[in-house]
Amino acid sequence: FDLVVSHPPYVVSPESWLPFRDGGGAGDGICARIVAGLGSHLAEGVFATVLANWALREGEPWSDRSRRWVEGTGCDAWILRSETQDALTYAAVWTRGPEAAGYVDALERWTAHYEALGIRSLVMGALVLRKRTAGPSWVRADELPAPPDRDSSAALLRVFAGEDRLRALGGDAALLEEVLRAAEPLRLRQTVAFRDGVPEVQEAELSLVDGLPLRGGADAGTIRLVQLCDGRRRLRQVVAVSSCLAGTVAGYLTGPTLAVARRLVALGFLEPADR
């Protein structure tokens, strides 16, 4: 297939009477089987998106379980988390109904089920996979602070292209030779307060406006980095100019700037100027 989209019965539940909702005894195994089998159904270079919930045991990193699902699929994977709920809250959301007695019974049944399986919390999110047989596959995991509110195809493609580029470049030396620019949908939002009549920036946030609600706080150094990545300077020149503007010793900002640049490219905030 050239595209696979799956909205399975992803709720981790001891029930099976709502087939569109309940994972039943399989828990998150339904999502696991779908993801594990996708590689054999995708044409080379195309995508699949799966909505999923998965269980977490005590002390388990949130993406570990879903990372295991994609092993051996021959696919690159971007794992997105929208929310994590403790087992009691998750059970309460999915069993709430108009009848108090039935609600209490269901809540006790669900929480006992989670306790027996050692489930402490549950993750809600999605996995985006791309079939790619050339070279080793990559997997990354990120937070998605809000649901997408529009077509996200361009944003997804930009993120996958950015991750491909970073892995092809490898080390810092190659990244320093990159010419980067701000992506078209990148926005900077600042909150300014006046102190004695002088405007001062209190908060700053970078975000994207093309479907994926990716955003993050930005300090002065990050804003300066984005401004200087104008599609004409190599990143090593950006670092040098940043050092001069910040009044620091040459080379002092190289490590931190490269770390921020990698993150901005990975999220699609910055992109290679030759795209």
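Since this is a predicted model, take the numbers as computed values, not measurements.
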For this session: Would you indicate whether the side-chain heavy atoms of E178 and V265 approach each other to under 4.5 Å?
Result: no

Problem set entry | Sub-4.5 Å side-chain heavy-atom contact between L225 and D219 | no

For this session: Examine I119 and W69 and state if one hydrophobic cluster contains both, with Ile, Leu, Val, Met, Phe, Trp and Tyr joined whenever side-chain heavy atoms are less than 4.5 Å apart.
Result: no

Exercise. Which distance, rounded to the nearest 0.5 Å, do you find between the OH of Y10 and the CE of M124?
Worked result: 9.0 Å

For this session: Measure from the side-chain N and O atoms of E205 to the backbone N and O of R215, and report whether any donor-acceptor pair falls under 3.5 Å.
Result: no

Exercise. With hydrophobic residues grouped by side-chain heavy-atom distances under 4.5 Å, do L228 and L180 end up in a single group?
Worked result: yes

For this session: Specify whether W138 and F160 have parallel, tilted or perpendicular ring planes, treating 30° as the upper limit for parallel and 60° as the lower limit for perpendicular.
Result: tilted

For this session: Look only at the side chain of R21 and the backbone of W94, and say whether a donor-acceptor pair between them is shorter than 3.5 Å.
Result: yes

Exercise. With a 4.5 Å limit on heavy-atom distance, are the side chains of R263 and D142 in contact?
Worked result: yes

Exercise. Would you say L267 and L157 are hydrophobically clustered, going by side-chain heavy atoms of ILVMFWY under 4.5 Å?
Worked result: yes

Exercise. Looking only at heavy atoms, what is the nearest atom pair of L144 and P213, with distance?
Worked result: CD1-CD, 3.7 Å

For this session: Look at the rings of H41 and F1 and say which category their plane angle falls in: under 30° parallel, 30 to 60° tilted, over 60° perpendicular.
Result: tilted

For this session: Could you give me the CA-CA distance, side-chain angles and deciding distance for T222 and F269, then say whether side-chain contact (heavy atoms from CB on, under 4.5 Å) is met?
Result: CA-CA 11 Å; T222 300; F269 286 50; over 6 Å; no

Problem set entry | Neighbour count above 12 (heavy atom, 6.0 Å) for R57 CZ | yes

Exercise. In terms of side-chain geometry, is the basic nitrogen of D172 or R262 positioned less than 4.0 Å from the acidic oxygen of its partner?
Worked result: yes

Exercise. With a 4.5 Å heavy-atom cut-off, do T191 and V201 have their side chains touching?
Worked result: no

Exercise. Has E177 got more than 12 heavy atoms of other residues, nucleotides or ligands less than 6.0 Å from its CD?
Worked result: yes

Seminar exercise, completed: Closest heavy-atom pair, E163 versus A266, reported as atoms and distance to 0.1 Å, is OE1-CB, 4.0 Å

Exercise. Within the distance-only criterion (no hydrogens, no angle test), does the side chain of D28 pair as donor or acceptor with the backbone N or O of C31 below 3.5 angstrom?
Worked result: no

Exercise. Should V11 and W54 be regarded as members of a common hydrophobic cluster, given that ILVMFWY residues are connected when their side-chain heavy atoms come within less than 4.5 Å of each other, either directly or indirectly?
Worked result: no

For this session: Determine whether L270 and L166 fall in the same hydrophobic cluster, where Ile, Leu, Val, Met, Phe, Trp and Tyr are linked whenever their side-chain heavy atoms lie under 4.5 Å apart.
Result: yes

For this session: Would you indicate whether the side-chain heavy atoms of P199 and F194 approach each other to under 4.5 Å?
Result: yes

Problem set entry | Side-chain (T73) to main-chain (G39) donor-acceptor, under 3.5 angstrom | no

Exercise. Are R65 and E60 ion-paired here, with the side-chain N under 4.0 Å from a carboxylate O?
Worked result: no

Exercise. Less than 4.5 Å apart, any side-chain heavy atom of V226 and any of L188?
Worked result: no

Exercise. Which heavy atom in P9 sits nearest to a heavy atom in I30, and how many Å separate them?
Worked result: CG-CD1, 4.0 Å

Exercise. Can any side-chain N or O of R233 pair as donor or acceptor with the backbone N or O of V241 at less than 3.5 Å?
Worked result: no

Exercise. Is a side-chain donor or acceptor of W110 paired with a backbone partner of V12 at a separation under 3.5 angstrom?
Worked result: no

For this session: Before giving the answer on side-chain contact (heavy atoms from CB on, under 4.5 Å), spell out for L208 and L186 the whole-Å C-alpha distance, their side-chain angles and the decisive distance to 0.1 Å.
Result: CA-CA 5 Å; L208 296 171; L186 182 62; 4.2 Å; yes

Problem set entry | Criterion side-chain contact (heavy atoms from CB on, under 4.5 Å) on R109 and E15, from CA distance to verdict | CA-CA 9 Å; R109 187 167 60 254; E15 313 283 7; 2.6 Å; yes

Exercise. Once you round to the nearest 0.5 Å, how far does CG of L212 lie from OG of S152?
Worked result: 4.0 Å

Exercise. Can you name the nearest heavy-atom pair linking V70 to A77, along with the distance?
Worked result: CG1-CB, 3.9 Å

Problem set entry | Intermediate values then yes/no, side-chain contact (heavy atoms from CB on, under 4.5 Å), L88 and L107 | CA-CA 8 Å; L88 177 59; L107 190 60; 4.1 Å; yes

Problem set entry | Heavy atoms from other residues, nucleotides or ligands near CD of Q190 exceed 12 (cutoff 6.0 Å) | yes

Exercise. Between R67 and E71, is there a side-chain N and carboxylate O pair less than 4.0 Å apart?
Worked result: no

For this session: Might you point out which heavy atoms bring A43 and K131 nearest each other, and give the distance in Å?
Result: O-CB, 3.4 Å

For this session: Can you measure from OG (S63) to CG (L56) and round to the nearest 0.5 angstrom?
Result: 9.5 Å

Problem set entry | Distance, nearest 0.5 Å, that separates CG of D164 from CG of L169 | 11.0 Å

Exercise. Should E83 and Y90 count as side-chain neighbours, where that means a heavy-atom distance under 4.5 Å?
Worked result: no

Exercise. Hey, is the main chain of V198 close enough, under 3.5 Å, to the side chain of D196 for a donor-acceptor pair?
Worked result: no

Exercise. Between atom OG1 of T254 and atom CG of L175, what is the distance when rounded to the nearest 0.5 Å?
Worked result: 11.0 Å

Seminar exercise, completed: Note: G74 and S137 closest approach over all heavy atoms is C-OG, 3.7 Å

Problem set entry | Heavy-atom side-chain proximity of L127 to T49 below 4.5 angstrom | no

Problem set entry | Separation between NE2 of H113 and CD of E108, rounded to the nearest 0.5 Å | 15.5 Å

